[in-house]
Amino acid sequence: MVETTAKRDIRKLKLDELKAFFVEHGEKAFRAQQVYEWLWNKSAKDFDQMTNLSIGLRDMLKTHFTINHIKVDHMQRSADGTIKNAVTLFDGMVVESVLIPTEKRITACVSSQVGCSLACKFCATARLKRQRNLSPDEIYDQVVAIKEQAELFFNRPLTNIVFMGMGEPLLNYANVMTAIEKITAQKGLNMASKRITVSTVGIAKMIQKMADDGVKFNLAVSLHAALDKTRSSIMPINDTNPLDELGESLRYWYAKTKRKVTYEYVVWRGINDSEEHARALLKFCKIIPSKVNLIEYNPIDDGEFQQASEDSLNMYMDLLERNGITTRIRKSRGKDIDAACGQLANKT
Ligand code: SAH
């Protein structure tokens with residue numbers, strides 16, 4: 001018989017919709033709950049894993065639905081233990097996700113879009129045109145895959161999740177929020193919201209929306225410069241979304257959520273390594289309670305951008321710390337396999 005309707009991705013259905021489906025097909029509604037648990041709690045990759053359903057019922061599901069699970073096609077391990085996954089999606093597109101082990105934590109760094117539309121000049125992902133948003137289940141599956149790797153290779157649980165892979169999470173807001181709901185749900189991965197960090201280029205109106213939505217996860221903003229002229233020259237988003245608007249949205253964020261923000265900041269030679277820039281950052285840091293991660297630059301090209309000297313980093317560090325802003329220098333992880341910040345570009 002020729003099938004007239006295309007199969008649907010079963011994870012696009014909400015629990016209620018799945019219940020309605022079962023009832024329509026003469027089955028008990030509680031089956032939906034069972035299937036939902038297989039999908040979101042036990043991360044089933046195909047219907048035959050659902051052993052508490054009869055074979056007939058599994059076959060019926062197969063005629064209507066697919067499970068568009070991601071495939072980790074290629075895994076690379078860095079000398080420092082970092083693992084980079086090339087993840088193939090159901091339509092053949094590829095994104096990357098990274099497992100970052102430290103003494104205390106195992107962090108999953110996940111992608112939210114295929115490519116990126118933001119065009120930050122120092123970032124390798126920016127060179128891949130944005131192709132599409134990831135669905136909630138594609139984001140969720142990256143976390144599950146890394147959780148499994150943490151258990152398999154390190155015999156430790158996954159402790160943290162950062163949305164610092166490819167793409168801009170706040171330009172795929174609804175799907176990122178749904179993924180986080182599943183990750184934090186008791187009948188999902190049951191991870192605490194405070195272990196999750198969403199990193200953004202700093203889209204003011206979306207930061208306000210998150211505040212209105214009462215989110216419970218951490219916010220990181222990729223700042224890199226606190227003077228408009230410099231920020232606009234390296235991050236085009238700053239032309240339409242300047243620092244005063246960003247600052248206003250952060251004020252709003254803090255008023256509503258009482259949550260600190262972390263600024264990610266790379267110091268580059270000749271671009272933002274002067275005291276004037278450090279003072280501008282300090283001023284920006286006073287808008288709301290904040291801390292700063294000075295990230296090591298991961299070269300991606302011909303040398304337009306170069307890591308600033310240790311002296312410049314120390315100058316930043318001293319100024320910020322002296323003024324009560326917690327500041328950490330973050331060394332790169334996984335650089336040898338192009339897994340570090342800003343290096344994700346589907347090279348493998
Ligand atoms: N679009 C989001 C999520 C990406 S996170 C955001 O901008 O926050 C990736 C982080 O790595 C960002 O802080 C980004 O600014 C930083 N980054 C990009 N290219 C880099 C590079 N070559 N070296 C170091 N950090 C880089």
Side-chain angles (χ1 to χ4, degrees), residues 70 84-89 91-98 100 107-143 146 161-180 196-207 209-210 219-225 231-242 246 262-266 268 293 295 297-302 304-305 332-335 337-348:
I70 62 162
K84 180 169 84 168
N85 296 313
V87 168
T88 304
L89 310 172
D91 57 1
M93 296 211 172
V94 178
V95 292
E96 291 174 337
S97 61
V98 184
I100 307 153
T107 301
C109 173
V110 298
S111 294
S112 55
Q113 297 181 313
V114 185
C116 189
S117 58
L118 290 172
C120 299
K121 296 221 170 107
F122 45 83
C123 181
T125 306
R127 299 182 180 173
L128 306 172
K129 220 174 65 205
R130 177 192 165 282
Q131 308 278 351
R132 69 168 173 86
N133 287 337
L134 295 193
S135 64
D137 42 275
E138 288 167 334
I139 297 169
Y140 183 86
D141 287 352
Q142 293 175 64
V143 176
I146 291 179
I161 301 170
V162 295
F163 283 79
M164 296 188 187
M166 294 174 160
E168 167 53 43
L170 300 193
L171 293 179
N172 184 17
Y173 185 72
N175 290 352
V176 167
M177 291 304 126
T178 307
I180 291 177
I196 300 175
T197 300
V198 170
S199 177
T200 173
V201 74
I203 299 163
K205 67 174 194 300
M206 295 312 294
I207 292 176
K209 169 136 183 62
M210 280 198 294
L219 173 64
V221 172
S222 300
L223 194 62
H224 302 308
R231 195 166 195 264
S232 289
S233 73
I234 55 176
M235 301 172 76
I237 183 81
N238 198 67
D239 288 337
T240 50
N241 187 96
L246 176 57
T262 301
Y263 297 121
E264 291 152 278
Y265 199 100
V266 179
W268 289 284
N293 281 339
I295 313 176
Y297 177 57
N298 302 304
I300 57 160
D301 60 8
D302 40 20
E304 186 190 346
F305 291 89
S332 285
R333 305 294 308 273
K335 225 173 174 172
I337 53 166
D338 283 332
C341 293
Q343 291 188 313
L344 302 184
N346 293 346
K347 268 206 209 162
T348 51

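Remember, predicted model here, so these are calculated numbers, not experimental data.
Leu219 places none of its side-chain heavy atoms less than 4.5 Å from the side chain of Thr197. Taking 4.5 Å as the limit, some side-chain heavy atom of Leu170 sits within range of a side-chain heavy atom of Val198. Taking the side chain as every heavy atom from C-beta outward, Val94 and Leu89 never approach each other to under 4.5 Å. At least one side-chain heavy atom of Val143 sits less than 4.5 Å from a side-chain heavy atom of Val110. Looking at heavy atoms from C-beta onward, Ile295 lies out of side-chain contact with Tyr265 at the 4.5 angstrom threshold. In this structure, Asn175 and Leu134 have side chains that are not in contact, with every pair of non-hydrogen atoms separated by 4.5 Å or more. Side-chain contact between Gln142 and Ile70 is present, with heavy atoms from C-beta onward closer than 4.5 Å. Using a 4.5 Å cut-off on side-chain heavy atoms (C-beta onward), His224 and Trp268 make contact.
Note that the CG atom of Asn172 and the OG atom of Ser135 stand 8.5 Å from one another [nearest 0.5 Å]. One distance of note links CZ of Arg333 with SG of Cys109; it measures 12.5 Å at 0.5 Å rounding. Taking OG from Ser97 and CD from Glu138, the interatomic distance works out to 12.0 Å, rounded to the nearest 0.5 Å. In this structure, CD1 on Ile161 lies 9.0 Å from CD1 on Ile146, to the nearest 0.5 angstrom. Asn241 CG to Lys205 NZ: the interatomic distance, rounded to the nearest 0.5 Å, is 8.0 Å.
Ring geometry for Phe122 versus Phe305: interplanar angle over 60°, hence perpendicular rather than tilted (30 to 60°).
When the side-chain hydrogen bond (donor to acceptor under 3.5 Å, both in side chains) test is applied to Lys209, the partners found at least two apart in sequence or on another chain are Asp213. Ser199 meets the side chain to side chain contact (heavy atoms under 4.5 Å, CB included) test with Met164, Ala220, Ser222, Glu264; sequence neighbours excluded.
Taking each heavy atom of Arg130 and Ser117 in turn, the nearest pair found is CB-N, 3.7 Å. Across Ala126 and Ala119, no two heavy atoms sit closer than the pair CB-CA, 3.8 Å. The two atoms that bring Ile300 and Arg127 nearest to each other are CD1-NH2, 3.5 Å, heavy atoms only. Contact detail for Gly167 and Ser112: the closest heavy-atom pair is C-OG, 3.7 Å.
Taking a cutoff of 4.0 Å between a charged side-chain nitrogen and a carboxylate oxygen, Lys121 and Glu304 do not qualify as a salt bridge.
With hydrogens and angles left out, the side-chain atoms of Asp239 and Ser232 include a donor and acceptor closer than 3.5 Å.
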Verdict with reasoning, Met166 to Leu128, per side chain to side chain contact (heavy atoms under 4.5 Å, CB included): CA-CA 10 Å; Met166 294 174 160; Leu128 306 172; 3.8 Å; yes
Verdict with reasoning, Met206 to Glu168, per side chain to side chain contact (heavy atoms under 4.5 Å, CB included): CA-CA 11 Å; Met206 295 312 294; Glu168 167 53 43; over 6 Å; no
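One N or O on the side chain of Arg231 and one on the backbone of Leu223 form a donor-acceptor pair closer than 3.5 Å. Under the 3.5 Å distance criterion, the side-chain polar atoms of Asn298 are left unmatched by any main-chain donor or acceptor of Ser332. No donor-acceptor pair closer than 3.5 Å links the side chain of Glu96 to the backbone N or O of Ser111. A distance-only check finds no donor-acceptor pair linking the side chain of Asn133 to the backbone of Gln113 [under 3.5 Å]. Between the side chain of Asp91 and the main chain of Met93, a donor-acceptor pair closer than 3.5 Å is present.
No option in Leu246, Leu171, Leu118, Val221 other than Val221 meets the side-chain contact (heavy atoms from CB on, under 4.5 Å) test with Thr200.
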